[in-house]
Structures are given as C-alpha cells and as structure tokens.
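Sharing a structure here in structure tokens format.
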Amino acid sequence: MSDPLLTVANSLKDRARAALGSRNLVLVGLMGAGKSSVGRIVASQLGIPFIDSDHEIERVSRMTIAELFAAYGEEEFRALETRVMKRLLKSGPRVVSTGGGAFINGRTRRHIKKGGLSIWLKADLDVLWERVNKRDTRPLLKTENPKQTLENLMNARYPIYAQADLTVISRDVRKEIMADEVLKAVVEQKESAAS
Ligand SMILES: Nc1ncnc2c1ncn2[C@@H]1O[C@H](COP(=O)(O)OP(=O)(O)O)[C@@H](O)[C@H]1O
Ligand SMILES: O=C(O)C1=C[C@@H](OP(=O)(O)O)[C@@H](O)[C@H](O)C1
Ligand SMILES: [Mg+2]
C-alpha cells in the first residue's frame, strides 16, 4: 500500500522539477544563510546537478577563497566570480549556490536574471551570526567586530537581494525542511504565474 505522506513528498519534488523546466535555480543571500548546504539538498531532491560557485572558483583557480582575496583583492575575485557564474548559467537545469556577494555585483546579477530563477534565503542577524562565527574561512568577516560587519552588509545588501525572483525565510529548522520550503516556493511561483 502506498504511504500517503510519501506520495505528498514525491509530488512536491515532481511539481518543483516540472515548474523549474530547463532553468537554473540560483540561491542568493548573505553568508550563513544556508545557500551551500540547502542548495545541495534541493538539487538531490530535484535529481539535477548541484554547483557551488565558490567551489567552482576554487577548482578553476586552485586557490581557496581566502587565498584569492589575499593575493588579488576583492575586485579581482568579483571579476572571476562573474566569469564563472556566466559559464555556469549557460545551460540548465542546475541548482547553483552563489557566494554572498555574487548577486550584489551588477554584471553577475544580470547573468543570474537571464539564466535562472533566483531565490533569496533571507535570515536575521542572530541566525547568520550563530552560523558564521564557528568558522574563519570568510575573508570579509576578518575585521575587529565581525558581527557589526555582518550587520553592515545586511543593511547594504538586503535591498538588492530583495530583487530576487523568490524569497524564503532561512530559520533555525533542519536543512531538509528549508529545502522543502525552497521547493514549495518554486511550485508556488509557477502556479501564481499561471493564474
Ligand atoms: N537550517 C540550518 N540549520 C542549522 N545549521 C545550518 C542550516 N543551514 C546552514 N547551516 C549551517 O550554517 C553554516 C553556513 O551554511 P552554508 O550552507 O555554508 O551557508 P552559505 O553558503 O549561505 O554561506 C554551515 O555550517 C551549515 O551547516
Ligand atoms: O558575501 C560575500 O561577499 C562572500 C561570501 C562567501 O560565500 P558564502 O556566502 O557562501 O559564505 C564567499 O563567496 C566570499 O567569502 C565572499
Ligand atoms: Mg556558501
């Protein structure tokens, strides 16, 4: 006998997959929002490839993000990020998790708008801080007061992330639940576009 709960779960995946079509699903938002970890789950649920743009940048440059910032500075990093994103978005469907600054860069944002459905994982300061303060891999947070830096980035960037096609609130629930909320948002945008 089929399990009714399983049937609902399957149909959410199938409906989200159908709604996405050949587009890329692009996760944007601040450091710690869960783009990399939730994106991986969403891709596996949809049965399509997952790419994290930071990992791709590290693979092609054979350097870590921290090394790239230290050796070439943020401007060069952004130029490389733009090139990598442009290439990743040429074909789909894929789930592409971006680094937090990608959508803020005008050129990269235009590539995202052209090549994908963008989704902002929006979180409040305390949620982000709890997550990012456990690791020191993020060069932009190597400041005297990293929590204040994060808050400044929130103030500067949130109006721009708000231009994403969809928004999902990233909260302290399991990553699998966040992934389901992303899938639901994809389904709902399709249904509201059709009505
Ligand atoms: N929903 C969640 N619940 C608990 N921890 C989470 C959740 N989402 C992400 N994390 C953790 O927060 C940290 C940052 O997540 P990550 O996916 O790297 O974010 P981003 O790519 O947006 O910077 C990681 O350690 C990750 O395991
Ligand atoms: O917000 C940013 O400008 C950055 C976010 C990082 O990615 P995550 O958002 O995945 O941490 C990484 O791309 C780099 O450290 C710069
Ligand atoms: Mg990430």
Side-chain angles (χ1 to χ4, degrees), residues 1-56 84-105 108-125 127-128 130-131 154 157-195:
M1 215 169 72
S2 70
D3 177 340
L5 279 178
L6 206 61
T7 310
V8 170
N10 281 342
S11 76
L12 175 61
K13 282 189 235 176
D14 293 346
R15 283 155 66 212
R17 178 67 194 84
L20 189 63
S22 62
R23 291 177 296 176
N24 290 297
L25 184 60
V26 185
L27 272 62
V28 308
L30 213 51
M31 296 173 266
K35 303 177 297 294
S36 300
S37 41
V38 173
R40 181 178 294 283
I41 300 171
V42 170
S44 122
Q45 298 271 23
L46 292 174
I48 61 178
F50 169 70
I51 300 181
D52 187 282
S53 66
D54 280 341
H55 289 166
E56 185 62 11
V84 166
M85 285 297 296
K86 183 179 177 189
R87 177 170 56 77
L88 292 180
L89 293 168
K90 275 215 169 106
S91 60
R94 291 175 172 144
V95 175
V96 180
S97 290
T98 62
F103 198 68
I104 304 306
N105 180 283
T108 308
R109 190 164 63 249
R110 277 192 289 282
H111 291 308
I112 295 174
K113 284 191 174 289
K114 220 167 92 186
L117 179 69
S118 52
I119 185 152
W120 175 23
L121 292 187
K122 180 182 185 184
D124 69 31
L125 181 62
V127 167
L128 296 172
E130 266 310 302
R131 293 180 186 165
M154 272 181 86
R157 289 178 172 185
Y158 273 26
I160 300 174
Y161 293 138
Q163 296 175 32
D165 297 314
L166 306 169
T167 300
V168 164
I169 303 297
S170 171
R171 7 180 218 111
D172 256 330
V173 293
R174 286 191 306 117
K175 293 168 194 170
E176 287 72 16
I177 294 181
M178 286 312 311
D180 267 11
E181 292 190 4
V182 168
L183 296 180
K184 275 184 214 146
V186 172
V187 169
E188 278 161 19
Q189 67 82 36
K190 183 70 180 182
E191 284 169 0
S192 69
S195 64

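Sequential numbering from 1 along the given sequence is applied to the chain's residues.
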Report task. Indicate the atoms forming the closest heavy-atom contact of A33 with S170, along with that distance. Result ->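 Nearest heavy atoms, A33 then S170: O-OG, 2.7 Å.
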Query raised in the report: With distance as the sole test, does K35 use its side chain to make a donor-acceptor pair with the main-chain N or O of G29 at under 3.5 Å?
Result: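 Side chain of K35 to backbone of G29, a donor-acceptor pair under 3.5 Å: yes, one is there.
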Requested in this report: Calculate, to the nearest 0.5 Å, the distance between atoms CZ and CZ belonging to F103 and R157 respectively.
Outcome: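 Output value for this atom pair is 12.0 Å.
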Query - Spacing of M154 atom CE and K122 atom NZ [to the nearest 0.5 Å] - result: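 Between atom CE of M154 and atom NZ of K122 there are 8.0 Å.
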**Report entry** R171 versus M178, closest heavy-atom pair with distance
**Finding:**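 Smallest interatomic distance, heavy atoms only, reads N-SD, 3.7 Å.
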Query raised in the report: In terms of side-chain heavy atoms, does S37 have a donor or acceptor partner in R131 at a distance below 3.5 Å?
Result: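 The criterion, which ignores hydrogens and geometry beyond distance, is not satisfied for R131 and S37.
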Requested in this report: Classify the ring geometry between Y158 and W120 as parallel (under 30°), tilted (30 to 60°) or perpendicular (over 60°).
Outcome: perpendicular
**Report entry** Side-chain (K113) to main-chain (Q163) donor-acceptor, under 3.5 angstrom
**Finding:**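 Indeed, once roles are kept as given, a pair shorter than 3.5 Å links the two residues.
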Report summary line: CD of E188 to CD of E181, rounded to nearest 0.5 Å, is 10.0 Å
Query - Note, L183 side chain near L46 side chain (heavy atom, < 4.5 Å) - result: yes
**Report entry** Where A123 and L128 come nearest, the two heavy atoms and their spacing
**Finding:** CB-CD2, 3.7 Å
Query raised in the report: Out of curiosity, R109 CZ to I160 CD1, how far, rounded to the nearest 0.5 Å?
Result: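 With rounding to 0.5 Å, CZ (R109) is 5.5 Å from CD1 (I160).
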Query raised in the report: Where do P93 and P49 come nearest, in terms of heavy atoms and distance?
Result: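 Of all heavy-atom pairs spanning P93 and P49, the closest is O-CD, 3.6 Å.
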Report summary line: Only residue of I51, V26, I112, T98 satisfying side-chain contact (heavy atoms from CB on, under 4.5 Å) with L88 is I51
Requested in this report: Might you point out which heavy atoms bring T108 and A102 nearest each other, and give the distance in Å?
Outcome: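 Answer, listing the atom of T108 first, then A102: CB-O, 3.2 Å.
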Query raised in the report: Does any non-hydrogen side-chain atom of K184 lie less than 4.5 Å from one of V168?
Result: no
Report summary line: Separation between CG (L27) and CG (L166), nearest 0.5 Å, reads 10.0 Å
**Report entry** From CG (D180) to NZ (K175), nearest 0.5 Å
**Finding:**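 Reported to 0.5 Å precision, the distance equals 15.0 Å.
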**Report entry** Short side-chain to backbone donor-acceptor contact, R94 and N24, under 3.5 Å
**Finding:** no
Query raised in the report: Any idea which heavy atoms bring V186 and A16 closest together, and the distance?
Result: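 Of all heavy-atom pairs spanning V186 and A16, the closest is CG1-O, 3.8 Å.
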Requested in this report: Apply the test side-chain contact (heavy atoms from CB on, under 4.5 Å) to residues L25 and I48: give CA-CA distance (whole Å), side-chain angles for both, the deciding distance (0.1 Å), then the verdict.
Outcome: CA-CA 10 Å; L25 184 60; I48 61 178; 5.7 Å; no
Query raised in the report: Between F50 and S97, is a side-chain contact (heavy atoms from CB on, under 4.5 Å) present by the stated rule, with each step listed?
Result: CA-CA 8 Å; F50 169 70; S97 290; 3.2 Å; yes
